[in-house]
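Side-chain atoms are counted along with the backbone in the values below, which use heavy atoms only and exclude waters and symmetry mates. Residue numbers run from 1 in the order of the sequence given.
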Amino acid sequence: MHVHLVDGTFELFRHFYAPGASSRRRGGPAREAGAALGVARSLLALLREPDVTHVGVAFDTEIESFRNALFAGYKTGDGLDPALHAQFPIVEALCAALGFVVWPMHEFEADDALATMAARAVADPRVERVVICSPDKDLAQCIRGARVVRRDRVRDVVLDEDGVRAKYGVSPSSIPDLLALVGDTADGIPGIPRWGEKSAAKVLAVWGHVDAIPDDDTAWRVAVRGSAALAAELAARRADARLYRTLATLREDVPLAEDVDALAWRGADRGALTALAAELGDASLPGRAPRFRET
């Protein structure tokens, strides 16, 4: 059994900003749905691939999460195109009509849902592989050996644990620490001044986590350019680094109702999909479904 976990938020953004997006289809007066329909077609294409039998899709229904209460600078929905934001409920309804398990996140983020189900699935001995469909760096922390991998569907690149070390210079468990030191502009994590990806990766390759890095750079056991200045910045901002690591650490305790068996794709809902496709102006969509569930 292979479990595919899809970052629906990334998919929606990808289709919204894709070339030709100016010709997005409208499903009624001022109701833009082109990106949502693009996600639907993309997921139907995923179903046609080998070994795709169990699928879950997560969305950031509310851009803000519990992390915003921890850090005022964390990402918000400010500046988000209203036409994009309005398509979240549309794409969630489409995915449900297509027969996928959908996780619309409110208190947590979509990545937390993916991390939670990845941990749940890898604990099931029947699961041969968990494929997290997203290119996002923070999801690399979920990778385990070659059994939990991250796949960039756009470039068709699969990253396993060895690939994480080759690409980022650290193990998956150190990805939150790397983001804490370097920062993550997409999530509003500023990082620690002076620390770059190369210096952070070198130090974390030895010490693993921010809390383990000595204040005294002469004890680092690795040569890093400007180590004294880096050590001083970290020592002065230990509390910030710990907070940033917390922000970058994905939760594996999201209260998802589904187990692995619930993710089995059993077919689209003919009535719901036909009605929604007609409303959105794409009557051809139901014909793309490989099959419909029995009622």
Side-chain angles (χ1 to χ4, degrees), residues 4-18 20-47 55-68 74-114 116-117 133-134 136 153 186-187 251 254-258 262-263 265-286 288-289 292-293:
H4 286 73
L5 304 175
V6 180
D7 181 350
T9 299
F10 167 77
E11 289 285 343
L12 188 62
F13 272 70
R14 175 167 77 90
H15 285 87
F16 187 83
Y17 290 108
S22 60
S23 61
R24 291 185 286 267
R25 183 191 305 271
R26 292 183 180 274
R31 194 178 190 203
E32 201 168 80
L37 289 164
V39 174
R41 289 190 289 270
S42 175
L43 293 181
L44 285 171
L46 178 66
L47 283 176
V55 184
V57 190
F59 291 96
D60 290 300
T61 302
E62 292 183 14
I63 302 300
E64 297 189 10
S65 69
F66 74 91
R67 292 178 176 87
N68 293 90
Y74 198 71
K75 66 180 178 182
T76 68
D78 292 347
L80 186 65
D81 192 317
L84 171 58
H85 190 257
Q87 292 190 61
F88 275 92
I90 299 172
V91 73
E92 290 165 9
L94 270 173
C95 288
L98 286 169
F100 297 110
V101 170
V102 178
W103 298 302
M105 291 292 101
H106 297 275
E107 178 186 355
F108 296 94
E109 296 180 40
D111 288 355
D112 296 313
L114 300 178
T116 295
M117 186 50 69
C133 298
S134 175
D136 284 0
R153 293 182 62 217
D187 286 342
R251 296 278 293 270
V254 178
L256 304 180
E258 295 80 11
L263 301 185
W265 189 77
R266 297 178 173 85
D269 182 326
R270 186 189 298 272
L273 183 60
T274 301
L276 191 53
E279 178 186 349
L280 299 176
D282 190 353
S284 68
L285 186 62
R288 299 172 183 266
F292 293 97
R293 69 180 64 166

Grab the two heavy atoms, one from L280 and one from I90, that are nearest each other, plus how far apart they are.
-> CD1-CG2, 3.7 Å
Looking only at heavy atoms, the pair that brings G77 and I63 closest together is N-CG2, 3.7 Å
Please round to the nearest 0.5 Å and tell me the distance separating atom CZ of F16 and atom CG of L80.
-> 8.0 Å
With E64 via side-chain hydrogen bond (donor to acceptor under 3.5 Å, both in side chains) - residues at least two apart | none
What one should report as the nearest heavy-atom pair of R41 and G34 is NH2-O, 4.4 Å
First locate atom CG of D7, then atom CG of L12, and finally report the distance between them rounded to the nearest 0.5 Å.
-> 10.5 Å
N68 side chain to K75 backbone, donor-acceptor under 3.5 Å = yes
Under 30°, 30 to 60°, or over 60°: which ring-plane class applies to F59 and F88, parallel, tilted or perpendicular?
-> perpendicular
Which atom names give the shortest non-hydrogen contact between S42 and H15, and what distance separates them?
-> CB-CE1, 3.8 Å
Spacing of CG belonging to L273 relative to CZ belonging to R288, to within rounding of 0.5 Å = 11.0 Å
Measure the CG-CG distance between L285 and L37 for me, rounded to the nearest 0.5 Å.
-> 6.5 Å
Dump the intermediate steps for side-chain contact (heavy atoms from CB on, under 4.5 Å) on L263 and M117, then the final yes or no.
-> CA-CA 10 Å; L263 301 185; M117 186 50 69; 3.9 Å; yes
Is a side-chain N or O of T116 found less than 3.5 angstrom from the main chain of R251, in a donor-acceptor match?
-> yes
Using a 4.5 Å cut-off on heavy atoms from C-beta on, say whether the side chain of Q87 contacts that of V39.
-> no
Where A113 and V254 come nearest, the two heavy atoms and their spacing = N-CG2, 4.0 Å
CE (M105) and CD (E92) are apart, to the nearest 0.5 Å, by 9.5 Å
Contacts of T274 that satisfy side chain to side chain contact (heavy atoms under 4.5 Å, CB included) - sequence neighbours left out | R270, P286
Please report the C-alpha distance between L256 and F108 in whole Å, then the side-chain angles of each, then the deciding distance to 0.1 Å, and finally whether the side-chain contact (heavy atoms from CB on, under 4.5 Å) criterion is met.
-> CA-CA 11 Å; L256 304 180; F108 296 94; over 6 Å; no
Measure from the side-chain N and O atoms of W265 to the backbone N and O of L98, and report whether any donor-acceptor pair falls under 3.5 Å.
-> yes
Of all heavy-atom pairs between C95 and V102, which one has the smallest distance, and what is that distance?
-> CB-CG2, 3.6 Å
Out of curiosity, F10 CZ to D136 CG, how far, rounded to the nearest 0.5 Å?
-> 7.0 Å
Would you please name every residue forming a side-chain hydrogen bond (donor to acceptor under 3.5 Å, both in side chains) with R67, sequence neighbours left out?
-> E109, D112
